[in-house]
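I have placed the structure first, in the form of structure tokens, so that the comments after it can refer back to it.
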Protein chains: 2
Amino acid sequence: MPRLIKTRTKPVPPLPQISDAEWTVMKIIWQQSPISTSQVVQALENRIHWKPKTIHTLLSRLVQKGALTFEKQGREYLFRPLVDARHCVHEASRSFLNRVFDGELAPFLAGFLEREKLSRAEIAELRRILDGKQS
Amino acid sequence: MPRLIKTRTKPVPPLPQISDAEWTVMKIIWQQSPISTSQVVQALENRIHWKPKTIHTLLSRLVQKGALTFEKQGREYLFRPLVDARHCVHEASRSFLNRVFDGELAPFLAGFLEREKLSRAEIAELRRILDGKQS
DNA sequence: ATGTATTTCCTACAAATGTAGGAATTGCAA
DNA sequence: TTGCAATTCCTACATTTGTAGGAAATACAT
């Protein structure tokens, strides 16, 4: 017997709030997952000043927040994302546009291009992206 | 006698870090300045839940941070921005792109359009913005 | 079996942020 | 001139964030 009405079974859990420093970590893990603690540390050690302990803290906060899970592998942890990268990225974009531009994309683009001169090639790339969305 | 070398006399003071809630206030003040405390409260009271006290706190924090000045007018304060809106907006944009998109604009635009379907007119507007930047 | 190097677990702490409350002051109406 | 309503001044407090340190556990080498 087919179910009626109740289309969406799982309520969407709200995305965890990912802080600035945490984004740095999430981006690594979205790129490469599963990934061990020490691999995360290695991936970051040339780009960021952080002590390993700092990275450990960020990892466990991300687990608490429900952004990551981990499984024990020997004595290390293997992390993987629990939240979808594109979803988080879009949330962050929306939130930024809302905060700064009252939610509108066009003023962002206009203001940005006003300040940062892009090369002809870069402009062309943006135009191609728009063309892809051509109705 | 013309001055040599030392082109930039004033060192650029770093922009104050404006929080999420504070952006709401700054946007009002950039729109309408000088503006009194009670006017700010009024401007926000229909859009936001905040108690007036909360807004007062935000205003004084923004003064502390050097984002606003005020002058006494009777017993009220009249506020005006000390930081340039476009400058702050651009800083925020850069910071967002750095955090989420490793600083790149194109992936932002592509991802955003993937998620949010814009109308033909909106796309056209974006294209016009790009055309304005045509070399 | 045991020491050791590694890794996790728990704790810390200052600054920033959201969200106000109460006390003090003061311009103005009566 | 005096009381009041409005406004500012100072304080508060829980969370989140950046940034770790030390203690405890444990896998593995010898």
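As the structure is a computational prediction, the values presented were derived from the model and not from experiment. Naming convention: chains lettered A, B, ... in sequence-line order (proteins, then strands); numbering from 1 in each chain.
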Quick one: list whatever passes side-chain contact (heavy atoms from CB on, under 4.5 Å) with Arg75(A), sequence neighbours left out. none
Sorted by first residue and then second, give each ring pair (Phe, Tyr, Trp, His ring centres under 6.0 Å) pair with at least one member in residues 114-133 of chain A; sequence neighbours left out. none
All ring-ring contact (aromatic ring centres under 6.0 Å, His included) counterparts of Phe96(A), not counting sequence neighbours: Phe101(A), Phe108(A), Phe96(B)
Polar atoms only, N or O, under 3.5 Å: list the protein pairs with nucleotides 27-30 of chain D and their distances.
none

Which pairs count as salt bridge (charged side-chain N to carboxylate O under 4.0 Å, His left out) when at least one residue sits in residues 27-45 of chain A, sequence neighbours excluded? Lys27(A)-Asp102(B)
Using a cut-off of 4.0 Å between protein heavy atoms and nucleotide atoms, how would you tag nucleotides 16-23 of chain D 5' to 3' with B, S and -? -BBBBBB-
Taking only residues at least two apart or on different chains, which pairs with a member in residues 55-67 of chain A satisfy side chain to side chain donor-acceptor pair (under 3.5 Å)? Glu22(A)-Lys65(A)
Please list, by residue number, the residues of residues 28-46 of chain A whose heavy atoms come closer than 4.0 Å to an atom of DNA chain C; answer none if no residue qualifies. Thr37(A)
Can you tell me how far C1' of dA12(C) sits from NE2 of His56(A), to the nearest Å? 17 Å
side-chain hydrogen bond (donor to acceptor under 3.5 Å, both in side chains) filter on Ser36(A), not counting sequence neighbours, yields Ser38(A), Gln39(A), Glu76(A)
Among pairs that include at least one residue of residues 104-116 of chain A, which meet salt bridge (charged side-chain N to carboxylate O under 4.0 Å, His left out), considering only residues two or more places apart or in two chains? Glu114(A)-Lys133(B), Arg115(A)-Asp84(B), Glu116(A)-Arg94(B)
Taking CG from Leu59(B) and C1' from dG18(C), how many angstroms apart are they, rounded to a whole number? 14 Å
Residues in ring-ring contact (aromatic ring centres under 6.0 Å, His included) with Trp50(A), at least two apart? none
Only counting residues at least two apart or in another chain, list the ones meeting side-chain contact (heavy atoms from CB on, under 4.5 Å) with Thr69(A). Arg80(A), Leu82(A)
